[in-house]
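Here the structure comes first, spelled out in C-alpha cells, and everything after it is commentary.
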Amino acid sequence: MELPDISRRTFVATTAVAAGGAAVGLGVAAGAQPADALTPAEPLGGSWVRTTCSPNCTGACGIEAWAEDGQVRLVRQAADYPYEHYNPRGCLKGLSFNTIQHGPDRLTTPLIRDEAGNQVEADWDTALDDAAGRLRAIMDKYGPNSVGVIYQVQGTGHIQKGALVRIANTFGWSVIGGYELNGDLPMFWPETFGCQSEELESYCWEDSRLTLIFGSNIMVTRMPDAHFLTYSQEAGGKVIYFDPNYSASAEKADEWVRIAPDSDGAFALAMAKVIIDENLYDAHFMATYTDSPLLINGETGKRILADDVAGLSATPGIPDYRSSFVAFDEAAGALAAVTPLELPDNSFALTGTYDVPLKDGTTVQAKTGFQLLVERLADYTPEAAAEICGIDADDIVRIAREAATVKPMHIIFGGGTQQWYHGDLKGRACALVACLTGNIGQLGGGISTYVGQYKTRFNTASWMVPPDAVKASCPFHYAVNGPTPLMKATYPKDGFKALVVGWGNPLEQHNVANWLREALASNDIECLVCLDFQRTLTVAEATVALPCASWYEKTELTTTPLHPWVQLQQRVVDPPGQAREEIWILTELADRIDPAKEAVWPRFAPEDSEAKADEVLALLLREGGPTINHLTPEMLREGPGKLAHANPGEKRIPFWEQVNERIPFPTVSRPNPLDVTSKFVRSGRIEFYRDEDVFLELDEQLPRYKPPFEDTEYAADPAARELYPLGYTTRNSAFRVHATYVNDPFMLEMQDNTPKVWLNPATAAERNLKNGDWVEVYNSRGTVQGQLVEDPGVYPTQCIFDQGWWSHYDNGTSYNSLIWPWINPTNEVYYLVSVWSPNMAWNETACNVRLCEGGRPQVVTDTGKSILGDGAGAASPIEYGKEA
Ligand SMILES: Nc1nc2c(c(=O)[nH]1)N[C@H]1C(S)=C(S)[C@@H](COP(=O)(O)OP(=O)(O)OC[C@H]3O[C@@H](n4cnc5c(=O)[nH]c(N)nc54)[C@H](O)[C@@H]3O)O[C@H]1N2
Ligand SMILES: Nc1nc2c(c(=O)[nH]1)N[C@H]1C(S)=C(S)[C@@H](COP(=O)(O)OP(=O)(O)OC[C@H]3O[C@@H](n4cnc5c(=O)[nH]c(N)nc54)[C@H](O)[C@@H]3O)O[C@H]1N2
Ligand code: SF4
Ligand SMILES: [Mo]
C-alpha cells in the first residue's frame, strides 16, 4: 500500500494514539475522554515522557507516555532512534500496558500471613520486618545459601533489578539464574565458541542475502524487529524458515521447510556434508579459526597436547586456561605445536591420519578433528537426513549449495529448536555450517540466537557486587532432580528453604512450578518473598508479597541483545497506593536483616528513590567500561544512547576482533572476566571437537543427531512411547510476553478469552475430537485444558499450547505441569551462574490429548462473575480453580 504523504513514523504514531485512546475507555476506570479529544499530538496539555516498555521481551521498545490524574492515559512509540529503520518500535501489548498498570490485578499493598496463614494486607514496616525476620531465621538455621533468588533476565534492569542481585551477593543467597529457569541460552555457544552468545543486532539482518531460520518465530517473538527481515528480502535477500508448524514467520518467508520436530541437527549435518563433498567450504577459515587441524589421539579420543609429543613443547608463557595442541604442518612436513595465543595464517593439514611420537616413547595414530568430522558426516547423506527430517533430499542439497555460495549468510537458531534435550547438538551442527561457509565475523553473516533479554552488555559489578560480596548460585534443577554426579554448582546442604522472587512468576512459568507449589504446601520451602507489581499466583502464594513500581513508575536502565540502544525506563507517574521502587524495598530489607549492612545499603526515604536510582545510574555508566562509558544520564533522559563497539562502521559485528585482529576466542561473557570462560575453548579457537569424558562417553565429541525423547521420556518410562505419542510445543504467544499481558483486555478479546490447543485435523480425528471441543492435554505429570483448534499447519505428531496463560484461565490446570527439568550432563560441564547452566528443554515433553468430560467447567470469581468466555477479561479478586 502506498502512503504518499505520511512517513512510517507518523502513520504508526497516529495509530498508536487511537489505540491508546481506546485503552482509556476500556481498561482504565477514571477520566474517560472521547476518542477525538485524544487524537492531537499534544493532547489536553501536559507532556510526553520518554520511557521504555520492559517486559521479558527482546523488544525494549522506546515509548512515550502521557499521564493525567496520576495514571498513564496514552502510550505511543517514541520513534526517536537515530538509525531510522529502528523507528518506530512497539506492539499493541506495550501500547495497552496501562490497562494492566491500572487494572484490577495491580498489587498496591504489602501482603503478609496472619496466624491462621491467611494472606492479609499490612503496612510496609510490618511487612518488611516480617520478611526480614523470616529470612534471617532461615539463614541462621540452614545457611545463607538456603535462600534462593529468582530474578528474570538481566537486560531489562540494571538498577532496580540490579539491587536484587546486590542483596543476594551481600548475604550469599543462591542465585537461581534466569537462563536456567528459561532454557534461554543455547548451550552450543559455550561448547563451540566458549562464550555466552554473540548475535547480530537486528539492523544487520537487512545486510544478509540468505537467512536460514531454525525455529525462531521472528514475526511473533521479535515483533518490532521483524521488518528487518523484510528489508533484506526487499534488497534481494532470501529467507528460508524451518519449522514443523506453519507459523506467521513461515508465511512471510520465501520458503518454509516443514522439518520434523527436533530434526534440525540432521538437516544441518547433511548440509555440512554436501558443502564439504562439493568442495564449497572455506578451508582457510576452518584452518585458521577452528580446531579442525588439531590432532586427536586415536586411542583415547583426546586432543594431543604439544607437551606430550617428542620434540614439541607448548607455547611458552601460556595461562593455565590455555593449551597448546598439535597439528601437522604441511609446509614443513612435520608436526607442530599450535599456539593458543593468536590465530595466524598457517599451513596445517585439515585432513589425514598421522603417527605421533610421544615423549613416553610410544607412538599413537592420530587424526585431525576435521578428518573425524568428515568420517562422522558419512552417516548424514542427504538421503539419510531426508528420512529423519521428513523432507526431500533434493531440498537439502539445494539449500546447502545456496548456503555455501550466497553471502552473507545468517543462521538464526531459535528457542523452538534449542529447547530440546539435545538442543546443543543441533546448535553445534548449525554453527558448523556458519563456519564452513566462512560467515563468522562478517556483517550480515554468522549465527545468532535471540531468546530473552538476557545479555549483559557492560560491566555491572560497581553496583551488583558490593564490598565483601559472597557469591553463591545453584540451578533449581537440582532441587527437583537431586544433585547429580557432574554437578558443578554448590547445592545448599538442606536444599532451598526460602525463595526471594522478583520480576518473575515461577509458580506459573516454570516446569518446577508443580514442585514449587508442593514444596510450599508441605513447608519444605518455609518462606516465599515475592516482589511484583501484579497479583500473580506467585504473589498469591507468597508468605510476604511486596508491591513494586511498574516500568512507568521508576528509573531503570535497560539493554537488549537485539539492538544497540541503552535506554531508560523513566517515571511517568508515581507508583500507586503503597507500591514502591525495588531499590528502596531492598535497601530496607537488607538493613532489617542485618543493621550492620547499612554501610553497603545506606538508607533513604521512599520519596528519595528516584534520586538514589539516579546515583546508581551515574555509577553504572561511569564504571560500565568502554561499551557504555561515553553515555551520561542526561543523554539517556533525552532518548536512546548507542553502545560502542570495536569494529569500524555503524553496526557491531560479532567476532570481528577474532576474525580480523586474530584475537583468540572466546569473547567476554559478562559479568564474568574473560579468564573464567576461556577454559571452555582451551585452544583459543572455535571448537567442534569436545574431548571432556562425558562427551566421549555419550559419543557427542562431534555434533550428531539424536532423536527426541529416547534419553528422557522413553528412558524414564518406556510406556510413554504408546501412552503419550505426541510432542508438546509450548510456543510463545503473540498476545503475551510469557504471562505478562495475560490480563490485558485487548489481548484477551483477540483470543476470545480462551486458551487454545492446536492439533492437526488428522491427529484430532484419530481421537474423535473436533474444532471447538474443550480438551485436555495430559501426561503422567499433569494436565492443561483449552479449546481445540484444528489446524493443518500443525505437524501431525505435535500438540501446541501457547504458553503464558495464568492457571486460573485454564480451570486451575497448569501448562507447565506436564514438563520436567531434565538435566543433560554435557551441559553441566559449562556451569557458570548467569551465563550458562543446565538448561530447560520445554519441548522435550511427550503428551496425549482427550476430550474433557462434561465440556468446559465454568471458573468463577468470588464476585460470581465468570472470568472465561464472556468477553469481559479477568475480573479480580480471583479464586484459583473455584468451580461453579
Ligand atoms: N510476543 C512475544 N515475544 C516474545 C516472547 C513472548 O512471550 N511473546 N518471549 C521472548 C522470550 S524470553 C523468548 S525466550 C523468545 C522465544 O521465541 P522463539 O525463539 O521464537 O521460540 P518459540 O516461540 O518457543 O518457538 C518458535 C517456533 O519454534 C517451532 N519449533 C518447535 N520445535 C521445533 C523444532 O524442533 N525445530 C524447529 N525448526 N522449530 C521448532 C515452533 O513451532 C515455533 O513456531 O521470544 C521472546 N519474544
Ligand atoms: N512451558 C513453557 N514454559 C516456559 C517457556 C516455554 O517456552 N514453555 N519459556 C520460558 C522462558 S524462555 C522464559 S524467559 C520464562 C519467562 O518467565 P517469567 O519472566 O517468569 O514470566 P512472566 O509471567 O512474564 O513473569 C514476569 C513477572 O515479572 C513481573 N514484573 C515485570 N516487570 C517488573 C518490575 O519492574 N518489577 C517487578 N517487581 N516485577 C516485574 C510481571 O508482573 C510478571 O509477573 O518462561 C519460561 N517458561
Ligand atoms: S511488549 Fe515487547 S514488542 Fe511490545 S512494545 Fe513492549 S517491548 Fe516492544
Ligand atoms: Mo526466554
Side-chain angles (χ1 to χ4, degrees), residues 16 51-63 75-78 88-97 152-153 155-156 178-179 181-186 212-226 241-250 256-268 389 412-420 422-423 426 430 449-454 509 551 558 560 562-563 567 569 708 727-742 744 747 758 793-795 797-798 800 802-804 840-844:
T51 181
T52 305
C53 186
S54 284
N56 180 0
C57 168
T58 35
C61 299
I63 294 286
V75 179
R76 69 181 182 193
Q77 288 116 322
R89 299 174 71 76
C91 75
L92 189 51
K93 298 184 289 293
L95 295 178
S96 55
F97 175 72
Q152 277 297 348
V153 291
T156 51
Y179 307 108
L181 278 168
N182 303 338
D184 272 351
L185 182 78
L212 306 184
I213 306 179
F214 293 90
S216 180
N217 191 7
I218 296 287
M219 294 295 153
V220 167
T221 55
R222 244 56 58 176
M223 229 175 255
D225 294 286
Y241 183 75
F242 298 78
D243 196 315
N245 309 303
Y246 189 71
S247 67
S249 305
W256 169 42
V257 179
R258 190 182 212 189
I259 194 164
D262 205 24
S263 70
D264 312 68
F267 189 100
C389 302
I412 298 180
F413 187 79
T417 323
Q418 148 64 14
Q419 288 164 345
W420 293 80
H422 293 301
K426 298 191 276 184
C430 287
T449 53
Y450 307 100
V451 276
Q453 206 160 314
Y454 47 90
Q509 273 304 111
W551 57 80
T558 79
T560 137
L562 209 60
H563 63 59
Q567 300 175 92
Q569 295 166 33
Y728 181 50
T729 303
T730 46
R731 67 183 174 198
N732 297 53
S733 167
F735 305 108
R736 288 178 294 285
V737 179
H738 309 291
T740 302
Y741 301 104
V742 69
D744 177 319
M747 298 302 129
W758 280 265
V794 177
Y795 205 79
T797 59
Q798 297 304 108
I800 296 181
D802 278 0
Q803 62 138 310
M840 289 292 182
W842 309 100
N843 293 331
E844 190 81 10

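Just follow the structure's listing: the first ligand is 1, and inside any ligand the first atom is 1. These figures come from a predicted structure and were not determined experimentally.
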May I ask you to check whether Trp420 has an N/O atom sitting below 3.5 Å from an N/O atom of ligand 1? yes

For residues Cys389 and Tyr795, report the shortest heavy-atom separation together with the two atoms involved. O-OH, 4.4 Å

Under 3.5 Å: N/O of Met223 near N/O of ligand 1: no

When you measure from atom 7 (S) of ligand 3 to every protein heavy atom, which one gives the shortest distance, and what is it? Ala60 N, 3.4 Å

Ignoring hydrogens, what is the shortest heavy-atom contact between Ile259 and Asp264? Give both atom names and the distance. CD1-CA, 3.7 Å

Where does the angle between the aromatic ring planes of Trp551 and Phe97 fall among parallel (under 30°), tilted (30 to 60°) and perpendicular (over 60°)? parallel

Please verify the inter-ring angle class for Tyr454 with Tyr179; under 30° counts as parallel, over 60° as perpendicular, anything in between as tilted. perpendicular

Please indicate whether any nitrogen or oxygen in Thr221 is less than 3.5 Å from any nitrogen or oxygen in ligand 1. yes

Short list, please: which atoms of ligand 3 are under 4.0 Å from a heavy atom of Pro224? 3 (S)

Top protein contact for atom 5 (S) of ligand 3, by heavy-atom distance: Cys91 N, 3.3 Å

In the protein, which heavy atom is nearest to atom 12 (S) of ligand 1, and how far is it? His738 NE2, 2.8 Å

Distance (rounded to the nearest 0.5 Å) between Ile412 CD1 and Cys430 SG: 11.5 Å

Where the side chain of Ser247 meets the backbone of Ser249, is there a donor-acceptor pair that is under 3.5 Å apart? yes

Rounded to the nearest 0.5 Å, what separates atom OH in Tyr450 from atom OG1 in Thr221? 11.5 Å

Evaluate Gly416 for polar contact with ligand 1, using N/O atom pairs at a separation under 3.5 Å. yes

Regarding ligand 1, does Arg736 bring an N or O atom to under 3.5 Å of one of the ligand's N or O atoms? yes

Under a 4.0 angstrom heavy-atom cut-off, which atoms of ligand 1 come close to Pro261? 35 (O)

Record the part of Asn56 in heavy-atom contact with ligand 1 below 4.0 Å; permitted values are side chain, backbone, both and neither. both

Who's the nearest protein heavy-atom neighbour of atom 6 (Fe) of ligand 3, and how far? Cys53 SG, 2.4 Å

Please tell me whether Asp744 and Ser96 have a donor and an acceptor in their side chains that are separated by less than 3.5 angstrom. yes

Which protein heavy atom lies closest to atom 36 (N) of ligand 1, and at what distance to 0.1 Å? Asp264 OD1, 2.9 Å

Hey, which atoms in ligand 1 end up nearer than 4.0 Å to a heavy atom of Gly414? 19 (O)

Gln803 touching ligand 1 at heavy-atom level, < 4.0 angstrom: no

Applying side chain to side chain contact (heavy atoms under 4.5 Å, CB included) to Asn182 and Asn56, what does each step give before you reach the verdict? CA-CA 11 Å; Asn182 303 338; Asn56 180 0; 4.3 Å; yes

Which distance, rounded to the nearest 0.5 Å, do you find between the CZ of Arg89 and the CG of Leu562? 6.5 Å

Determine, using heavy atoms of Phe97 and all atoms of ligand 3, whether some pair is separated by less than 4.0 Å. no

Any salt bridge between Arg731 and Asp802, counting N to O under 4.0 Å? yes

For Trp842 against Gln509, the heavy-atom pair lying closest together: CH2-O, 3.7 Å

Please list, in number order, the atoms of ligand 3 under 4.0 Å from a heavy atom of Gly90. 5 (S)

Proximal atoms of ligand 1 relative to Val220 (non-hydrogen, under 4.0 Å): 1 (N), 2 (C), 3 (N)

Judged by atom type as modelled, is there a donor-acceptor pair below 3.5 Å linking the side chain of Thr51 to the main-chain atoms of Ile63? no

Check ion pair Lys426-Asp262 (N to O, under 4.0 angstrom): yes

For atom 5 (C) of ligand 1, what is the closest protein heavy atom, and at what distance to 0.1 Å? Asn732 ND2, 3.4 Å

Is atom 2 (Fe) of ligand 3 less than 2.8 Å from at least one N/O/S atom of Cys57? yes

Please check whether Thr730 reaches ligand 1 - meaning an N/O of the residue sits under 3.5 Å from an N/O of the ligand, judged on distance alone. no

Could you measure the distance from the CG atom of Asn245 to the OG1 atom of Thr729? Nearest 0.5 Å is fine. 5.5 Å

In the protein, which heavy atom is nearest to atom 19 (O) of ligand 1, and how far is it? Gly415 N, 2.7 Å

Around atom 1 (N) of ligand 1, find the nearest protein heavy atom and jot down its residue, atom name and distance. Ser733 O, 2.9 Å

Identify the closest protein heavy atom to atom 15 (C) of ligand 1: which residue and atom is it, and at what distance? Arg222 NH1, 3.5 Å

Do any nitrogen or oxygen atoms of Thr58 lie less than 3.5 angstrom from nitrogen or oxygen atoms of ligand 1? no

Contact atoms of ligand 1, heavy-atom distance to Asn217 under 4.0 Å: 20 (O), 26 (C)

What's the shortest heavy-atom distance between Thr156 and Pro55, and which atoms? CG2-O, 3.4 Å

Distance, nearest 0.5 Å, that separates CE of Met219 from CD1 of Ile213: 7.0 Å

Output yes if Cys61 passes the N/O/S-under-2.8 Å test against atom 8 (Fe) of ligand 3; output no otherwise. yes

Just to confirm my output: which protein heavy-atom neighbour is closest to atom 14 (S) of ligand 1, and how far is it? Asp184 OD1, 3.0 Å

Just to confirm my output: which protein heavy-atom neighbour is closest to atom 26 (C) of ligand 1, and how far is it? Gly215 O, 3.5 Å

Is the shortest distance from a heavy atom of Gln798 to ligand 1 less than 4.0 Å? no

Which of the numbered atoms in ligand 1 are below 4.0 angstrom from a heavy atom of Asn245? 42 (O)

I'd like to check which ligand 1 atoms, numbered from 1 as shown, lie under 4.0 Å from a non-hydrogen atom of Asp262. 34 (C), 35 (O)

Compare all side-chain heavy atoms of Met747 with those of Lys93 and state whether any distance is below 4.5 angstrom. yes

Any chance you could measure Asn843, atom CG, to Trp420, atom CH2, to the nearest 0.5 Å? 5.0 Å

At the 4.0 Å heavy-atom cut-off, does Pro244 count as touching ligand 1? yes

Within the structure, does Phe242 bring an N/O atom to less than 3.5 angstrom of an N/O atom in ligand 1? yes

Distance-minimising heavy-atom pair for Gln77 and Pro88: CB-CB, 3.8 Å

Is it true that Tyr795 lies under 4.0 Å from ligand 1, counting heavy atoms only? no

Should Ser247 be counted as touching ligand 1, given the test is an N or O pair under 3.5 Å? no

N/O of Asp243 under 3.5 Å from N/O of ligand 1, yes or no? yes

Proximal ligand 1 atoms for Val737, defined as those under 4.0 Å from one of its heavy atoms: 6 (C), 7 (O), 8 (N)

Pull out every atom of ligand 1 sitting under 4.0 Å from any heavy atom of Thr417, numbered as shown with elements. 37 (C), 38 (N)

On a heavy-atom basis, the closest approach of Gln798 and Tyr728 is NE2-N, 4.3 Å

